[in-house]
Amino acid sequence: MNMDFYRDALDHRNLSEELHRTPWWDSLMHNDQFKNALQRNGHMRVQLADTSYLKKLLRSEQERQSFIEQVFHPAPEHLAAPDED
């Protein structure tokens, strides 16, 4: 397989672990309202699978605020269909 794929997968894993260790993410995961909104928002869950998006979340307060806003106030087409849950 392509070595770029493995590099991106490793980068994603490392960035995801780094994000999950932040106090910001920890506080979000202790908020049941946020967790439920994120579960329904398929678009934002897909965004979290993007390595470059994780980098933005880790480096930008503005991006983190935008992320929260998009989770709580998604466009209707970004909501997961019942059969996608």
Side-chain angles (χ1 to χ4, degrees):
M1 235 185 164
N2 189 338
M3 291 305 290
D4 289 338
F5 171 80
Y6 291 114
R7 169 59 36 207
D8 189 58
L10 181 59
D11 287 348
H12 184 272
R13 179 180 176 173
N14 291 336
L15 290 168
S16 183
E17 288 174 354
E18 184 179 342
L19 177 68
H20 290 156
R21 286 191 303 264
T22 64
W24 175 78
W25 187 261
D26 188 53
S27 68
L28 291 176
M29 292 300 104
H30 283 90
N31 180 330
D32 289 335
Q33 184 181 10
F34 178 84
K35 287 193 306 189
N36 290 333
L38 181 59
Q39 184 63 33
R40 289 188 314 270
N41 191 325
H43 176 73
M44 293 314 294
R45 290 194 325 254
V46 169
Q47 286 287 90
L48 290 172
D50 181 357
T51 303
S52 63
Y53 188 72
L54 290 178
K55 287 178 186 175
K56 289 178 188 177
L57 282 177
L58 285 164
R59 291 175 175 81
S60 169
E61 178 64 29
Q62 183 178 359
E63 196 66 44
R64 290 189 291 270
Q65 293 303 319
S66 176
F67 171 77
I68 293 169
E69 185 67 25
Q70 290 178 50
V71 167
F72 281 122
H73 305 289
E77 64 270 14
H78 291 169
L79 294 175
D83 61 339
E84 292 177 1
D85 288 339

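As the structure is a prediction and not an experimental result, all values here were calculated from the model.
Here the CD1-NE2 distance, from Ile68 to His73, works out to 10.5 Å after rounding to the nearest 0.5 Å. Atoms CG and CD, from Leu38 and Gln70 in turn, are 11.5 Å apart once rounded to the nearest 0.5 Å. Here the CE atom belonging to Met44 is positioned 11.0 Å from the CD atom belonging to Glu69, to the nearest 0.5 angstrom. Here the CG-CD distance, from Asn41 to Gln47, works out to 9.5 Å after rounding to the nearest 0.5 Å. Taking OG of Ser52 as the reference point, atom CG of Asp11 lies at 11.0 Å (rounded to 0.5 Å).
Hydrophobic clustering (side-chain heavy atoms under 4.5 Å, transitive across Ile, Leu, Val, Met, Phe, Trp, Tyr) groups Met29 together with Phe67. Two different hydrophobic clusters hold Tyr6 and Leu10 under the rule that ILVMFWY side chains link at heavy-atom gaps under 4.5 Å. Following chains of ILVMFWY side-chain contacts shorter than 4.5 Å, one can reach Leu48 starting from Leu28, so the two form part of one hydrophobic cluster. One hydrophobic cluster, built from ILVMFWY side chains closer than 4.5 Å, holds both Val71 and Trp24.
Shown here for Leu54 and Ser16, the closest heavy-atom pair between the two residues is CD1-N, 3.8 Å. Between His30 and Asp26 the shortest heavy-atom distance is ND1-O, 2.7 Å.
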**Q.** Worked check of side chain to side chain contact (heavy atoms under 4.5 Å, CB included) between Leu58 and Trp25
**A.** CA-CA 10 Å; Leu58 285 164; Trp25 187 261; over 6 Å; no

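A salt bridge is defined here as a Lys NZ or Arg NE, NH1 or NH2 lying under 4.0 Å from an Asp or Glu carboxylate O, and Asp32 with Lys35 meets this definition. Arg64 and Glu61 are joined by a salt bridge, as a carboxylate oxygen and a charged side-chain nitrogen come within less than 4.0 angstrom of each other.
Side chains of Asn14 and Glu18 form no contact here, defined as non-hydrogen atoms less than 4.5 Å apart. Side-chain contact between Glu17 and Arg13 is present, with heavy atoms from C-beta onward closer than 4.5 Å.
The local environment of CD in Gln65 is crowded, with over 12 non-hydrogen atoms from other residues, nucleotides or ligands closer than 6.0 Å. Atom NE2 of His20 is surrounded by more than 12 heavy atoms from other residues, nucleotides or ligands within 6.0 Å.
Between Phe72 and Phe34, the angle of the ring planes goes over 60°, which puts this pair in the perpendicular group of the 30/60° scheme.
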